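This report concerns only the one structure given below.
This is a predicted model, so every value here is computed, not measured.
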Amino acid sequence: MEHKMVGRNPPKMGADEVVKILADRKGALILDCASGTGQVGLELYEQGFHHLHALDACQAMLDEAAEKNIYSKLICAFLGPNRLDINDDTYDCVVLVGAFIAAEHVKDDCFEELIRIVKPGGYIIFVVNASQLAGCEKMGILRASTLQRHCDNGLWKQIDKRMEPNYICDSEGLVHIFQVL
C-alpha cells in the first residue's frame, strides 16, 4: 500500500506548535533537541525565530544542520538523565520532534534535565508518532506515568495534549505542551 505525505510533516508540525505558543516572542531562545539535520530549526527560522540552538548526539547530523546557518550554537550531547553543559533557566522553549521512537534514542528520563534548562514559565513541546505510543510506553521510552509524575511534583503543568492528523503519512501526531513551573 502506497502512503503519501499529506498536509503537514513532523518538522513543520513541531515548529507550528512553537509558533502558536511564542507568536509574540520572536526573540525567544529556543533549543531544538534531537535536532538531527535541523529541519525543525529551519521551519522556525523561516517563521521569524532566529535565536536557535541545536542539540543532538550525532556530530555528523549537527554538521549538516550547521550548513543551514540558522543555529547560533550547536551542542553535541546525549539527551538523557545526564547533566548537560547548559546553565539553569536558559531557554524559553525546548522542542522535540520524532525524538521518542526507539530504545536507542531519547527516553523520558531526559525531562528533569530539560525542565532544569528551561526558564520558569517557558515551554517544553514534543510531538510523537501516535502509532508508536504503545511500543514507547511498553519499552519505557515515553511513559504517561513519568509525564504525570512531573506534574504531581510541581515541575511543570500540561498546557495541551491532542492528536493532529498527518504527522507522517497516515499516522496522527500526538502533541504535548508543558509549561515549566
Side-chain angles (χ1 to χ4, degrees), residues 8-19 21-22 28-47 49 51-87 90-118 122-133 135-137 139-144 146-147 150 156 160-161 164 167-168 171-178 180:
R8 297 185 297 176
N9 59 50
K12 177 137 178 55
M13 186 179 286
D16 286 349
E17 295 303 325
V18 173
V19 170
I21 290 289
L22 299 177
L29 183 56
I30 300 168
L31 179 62
D32 180 4
C33 280
S35 62
T37 62
Q39 296 303 310
V40 174
L42 185 59
E43 292 284 346
L44 287 167
Y45 194 87
E46 289 174 350
Q47 295 192 55
F49 291 90
H51 301 282
L52 305 170
H53 292 177
L55 183 145
D56 200 277
C58 178
Q59 186 60 53
M61 292 285 203
L62 287 171
D63 291 344
E64 192 170 331
E67 294 174 9
K68 292 177 174 58
N69 294 314
I70 57 171
Y71 296 109
S72 59
K73 186 173 187 178
L74 301 167
I75 304 162
C76 187
F78 180 77
L79 186 59
N82 53 297
R83 186 173 176 91
L84 297 168
D85 189 17
I86 299 171
N87 291 333
T90 296
Y91 295 100
D92 297 294
C93 183
V94 167
V95 61
L96 302 98
V97 176
F100 302 98
I101 57 172
E104 302 82 30
H105 289 92
V106 178
K107 297 181 188 171
D108 62 11
D109 61 2
C110 72
F111 287 123
E112 286 183 35
E113 185 61 6
L114 293 180
I115 290 166
R116 182 187 69 77
I117 65 173
V118 172
Y123 299 92
I124 297 173
I125 300 172
F126 58 98
V127 185
V128 297
N129 185 337
S131 69
Q132 296 175 328
L133 284 177
C136 286
E137 180 84 26
M139 292 188 293
I141 296 169
L142 183 61
R143 297 166 292 199
T146 300
L147 304 179
H150 295 320
W156 67 12
D160 199 2
K161 177 184 175 183
E164 287 287 330
Y167 174 75
I168 193 165
S171 295
E172 291 181 302
L174 178 59
V175 175
H176 286 273
I177 301 174
F178 290 90
V180 174

- Message: Tell me if a side-chain donor or acceptor on R116 pairs with a main-chain N or O of I86 at a distance below 3.5 Å.
- Response: yes

- Task: Would you confirm whether D92, through its side chain, and I30, through its main-chain N or O, come within 3.5 Å as a donor-acceptor pair?
- Result: no

- Message: I need the minimum non-hydrogen distance between G14 and V127, along with the two atoms involved.
- Response: CA-CG2, 4.0 Å

- Spacing of CG belonging to D108 relative to CD belonging to E112, to within rounding of 0.5 Å: 10.0 Å

- Item | CD1-CD1 distance between I101 and I141, expressed to the nearest 0.5 angstrom | 8.5 Å

- Task: List the steps, then state whether side chain to side chain contact (heavy atoms under 4.5 Å, CB included) holds for D160 with H176.
- Result: CA-CA 6 Å; D160 199 2; H176 286 273; over 6 Å; no

- Query: Given Y71 and S35, is the side chain to side chain contact (heavy atoms under 4.5 Å, CB included) satisfied, shown in steps?
  - Reply: CA-CA 11 Å; Y71 296 109; S35 62; 4.2 Å; yes

- Item | Donor on one side chain, acceptor on other, E172 and N129, under 3.5 Å | no

- Message: Working to the nearest 0.5 angstrom, can you tell me the gap between L22 CG and I125 CD1?
- Response: 6.5 Å

- Message: Just so I know, are the side chains of F126 and L174 near enough to count as touching, which here means a heavy-atom distance under 4.5 Å?
- Response: no

- Scanning both residues in full, the closest heavy-atom pair of L84 with A77 reads CD2-CB, 3.9 Å

- Message: Is it the case that the side chain of K68 and the backbone of T37 share a donor-acceptor pair, with hydrogens and angles ignored and the cut-off at 3.5 Å?
- Response: yes

- Query: In terms of the angle between their ring planes, are H150 and W156 parallel, tilted or perpendicular, with boundaries placed at 30° and 60°?
  - Reply: perpendicular

- Message: Which heavy atom of G38 sits nearest to which heavy atom of A65, and what is that distance?
- Response: N-CB, 4.0 Å

- On a heavy-atom basis, the closest approach of G173 and M13 is CA-SD, 4.4 Å

- Rounded distance (nearest 0.5 Å) linking atom CG of L55 with atom CE of M61: 13.5 Å

- Query: So, do F111 and F100 have ring centers that fall under 6.0 Å from each other?
  - Reply: yes

- Message: Between I124 and V118, does the side chain to side chain contact (heavy atoms under 4.5 Å, CB included) criterion hold? Intermediate values first, please.
- Response: CA-CA 8 Å; I124 297 173; V118 172; 4.0 Å; yes

- Spell out, as yes or no, whether a donor-acceptor pair under 3.5 Å connects the side chain of D56 to the backbone of L62. no

- Query: Taking all non-hydrogen atoms of both residues, which atom of V106 and which atom of L96 are closest, and how far apart?
  - Reply: CG1-CD2, 4.4 Å

- Query: How many angstroms lie between atom OG1 of T90 and atom CG of L31, to the nearest 0.5 angstrom?
  - Reply: 9.5 Å

- Task: Output yes when a side-chain donor or acceptor of E137 lies under 3.5 Å from a complementary backbone atom of A144, and no otherwise.
- Result: yes

- Item | Validation row: L44, D32 side chains within 4.5 angstrom (heavy atoms) | no

- Note on the structure: In terms of heavy-atom contacts, Q59 and C76 come closest through OE1-CB, 3.3 Å

- Query: Where do L114 and C33 land on the side chain to side chain contact (heavy atoms under 4.5 Å, CB included) test, with the steps shown first?
  - Reply: CA-CA 9 Å; L114 293 180; C33 280; 3.8 Å; yes

- Do any N or O atoms from the side chain of N9 and from the backbone of K12 form a donor-acceptor pair under 3.5 angstrom? yes

- Centres of the Y91 and H53 rings: under 6.0 Å? yes

- Mind checking the CD-CD1 spacing from E43 to I70? Nearest 0.5 Å is all I need. 9.5 Å

